[in-house]
Amino acid sequence: MSVETLLASKEVIVVTGPGGVGKTSVAAALGACATTRLSGKVLVLTVDPARRLATALGLESFGNVERQVDAKLFADAGYEPIGELWIAMLDTKASWDDLIVQHAPDVSTRDAILGNALYRNITGRFVQSHDYIAMERLHEIHTSGRYDLVIVDTPPTRSALDFLDAPERMADFFSSRLLRWLIAPARSRLVNAAAKPFTLIADKLLGAKFLTDIGEFFLLFQTLYDGFVERATSVQRTLGDARTSFVVVTTPEPGPAAEARFLLEELASRSYGIGAVIANRVLPEVFRTRGAPTAAKTLRSNADSLSATLQKSADVETGEGVLREVADRFDDFRLLAAQGEAVLESLQAGLPAVSAPVVSVPYLETEITDLAGVLELGEQLL
């Protein structure tokens, strides 16, 4: 399956991989290119806290509310969009608040949860809260039917697995003995009386009404239990559905490639569909051609005569030095290219069960700072 076919045939594409390999840029490029080739609405949802995506798409900022990329930006880049491109970045606190407002059984429960001090701390500070609400957000967007294709940009590899497992962990927590113990004082006066000496000590150490706030919070939160479990199950079904595919991004370096292999194995063990492995920032083919070393050697040995021909100024010595340095650096990059090729071959050979194509994307000549750069990357992907 080609990348273009992948975009046309899926409803959800999850872009994941190690940190620093260009996942955000790849996610944006997939969304932008889908918009120039397919009708319908495409959303790129980033759960990575970096805000590079906004800059690349020419937007000053964006957040939890989806924003459409102006068609004029495509025209300025020399493209005519067929569909619509929308983007959003996960706002953890706003998403939790929206979830409570939408699913609380009544107004009093809603207000009690939103006003609870522990709730404000959990939703604002804890990483696992971010992982779970990201999946809730994906579920809400996908089931709404507002978009024909949703492309999700995930955190780095190990965090991405937390992201994928968050719904199941949330469901497990709601049925755990720990939760029953936490809410017992709020449920029973008898337990409150028996535990009073302990709670007094805890209040002195941790602050007034600390355990009381915990118990009340989880007792209120348990009213949402059925909804959490139902949506967690639905998200798991979505991730394993044939209409969902994972794209793993790496670079041709040993460290990122090893993380990518680990992630591919984990995805395969969960029976998730893998659409493509993208090797980003691959050195150009010229570094791997058979005659390249000879050409570099010739350039270096003839640097003096070539410099006299090319150098327009009187400083022939400088021109000679530049040519020799270029030839030497060519050999350095040639060795890096050979190493990268071996790394990618090893990655592919080590995963016989993964039939997804490995797509190599070369280094771009310039940094991606606008929609034109995003679309150029997309052309390389396709």
Side-chain angles (χ1 to χ4, degrees), residues 1-17 20-48 50-63 66-89 141 146-154 245-252 275-285 356-382:
M1 181 180 292
S2 68
V3 174
E4 188 166 4
T5 305
L6 192 69
L7 295 174
S9 60
K10 302 300 179 182
E11 294 180 3
V12 176
I13 294 177
V14 182
V15 180
T16 188
V21 297
K23 293 189 306 297
T24 300
S25 298
V26 167
L30 291 173
C33 280
T35 305
T36 63
R37 286 166 167 76
L38 305 171
S39 60
K41 296 176 68 175
V42 179
L43 172 70
V44 176
L45 172 65
T46 177
V47 297
D48 186 333
R51 293 188 174 269
R52 296 184 302 274
L53 186 58
T55 303
L57 296 177
L59 299 172
E60 293 181 2
S61 64
F62 64 94
E66 304 101 288
R67 287 187 57 186
Q68 184 177 2
V69 177
D70 194 336
K72 184 178 182 300
L73 292 175
F74 283 92
D76 292 343
Y79 289 81
E80 182 178 354
I82 299 174
E84 298 177 3
L85 177 61
W86 292 71
I87 59 173
M89 177 179 284
I141 289 171
R146 296 194 300 270
Y147 298 96
D148 300 283
L149 173 63
V150 179
I151 299 173
V152 184
D153 165 40
T154 66
S245 188
F246 286 77
V247 170
V248 177
V249 184
T250 184
T251 54
V277 179
I278 295 176
N280 197 19
R281 304 169 188 159
V282 175
L283 290 171
E285 182 68 27
V358 176
V359 180
S360 294
V361 180
Y363 261 108
L364 299 181
E365 293 182 3
T366 58
E367 287 289 326
I368 296 177
T369 57
D370 54 19
L371 186 56
V374 171
L375 287 163
E376 182 184 354
L377 174 59
E379 293 296 336
Q380 298 288 348
L381 287 169
L382 300 183

Could you tell me whether the side chains of Asn280 and Thr251 share a donor-acceptor contact shorter than 3.5 Å? no

Verify side-chain contact (heavy atoms from CB on, under 4.5 Å) between Ile87 and Val69, making sure each step is shown before the conclusion. CA-CA 7 Å; Ile87 59 173; Val69 177; 4.3 Å; yes

Between Tyr147 and Glu66, a side-chain donor and acceptor under 3.5 Å: yes

pair Thr36-Leu375: side-chain heavy atoms closer than 4.5 Å: yes

What closest approach, in Å, do Trp86 and Lys41 show between heavy atoms, and which atom pair accounts for it? NE1-CE, 3.5 Å

Please tell me if the side chains of Thr154 and Val14 come closer than 4.5 Å, counting only heavy atoms from C-beta onward. yes

Could you list the residues that satisfy salt bridge (Lys or Arg N to Asp or Glu O under 4.0 Å) with Glu376, not counting sequence neighbours? none

Hey, what do you get for CD (Gln68) to OG1 (Thr35), rounding to the nearest 0.5 Å? 9.5 Å

On a heavy-atom basis, the closest approach of Gly20 and Arg281 is O-NH1, 2.7 Å

How about Val42 and Ile151: do any of their side-chain heavy atoms sit closer than 4.5 Å? yes

Residue pair Gly31 / Val44: nearest heavy atoms and the distance that separates them: CA-CG2, 3.9 Å

In Å, rounded to the nearest 0.5 Å, how long is the span from CZ of Arg146 to CD1 of Ile141? 6.0 Å

Taking Gly373's backbone N and O only, do any of them form a donor-acceptor pair with Asp370's side chain (distance below 3.5 Å, no angle check)? yes

At their closest point, which heavy atom of Leu43 faces which heavy atom of Ala88, and how far apart are they? CD1-N, 4.0 Å

Smallest heavy-atom separation, Asp153 atom then Ala27 atom, equals CB-CB, 3.9 Å

Does some side-chain heavy atom of Ile278 sit less than 4.5 Å from a side-chain heavy atom of Leu381? yes

Tell me the closest heavy-atom pair linking Pro81 and Tyr79, and the distance in Å. CD-O, 3.8 Å

Residues passing the side chain to side chain contact (heavy atoms under 4.5 Å, CB included) test with Arg67, sequence neighbours excluded, are Leu59, Phe62

Side chains of Leu30 and Val15 in contact at under 4.5 Å (non-hydrogen atoms): yes

Glu80 versus Phe74: any side-chain heavy-atom pair under 4.5 Å? no

Decide yes or no for Ile13 and Leu6: does some side-chain heavy atom of the first lie under 4.5 Å from some side-chain heavy atom of the second? yes

Any pair counted as salt bridge (charged side-chain N to carboxylate O under 4.0 Å, His left out), so long as it reaches residues 26-37, sequence neighbours left out: Glu4-Arg37, Arg37-Glu379

To the nearest 0.5 Å, atom CD1 of Ile368 lies from atom OG of Ser25 at 4.0 Å

With a 4.5 Å limit on heavy-atom distance, are the side chains of Leu382 and Leu7 in contact? yes

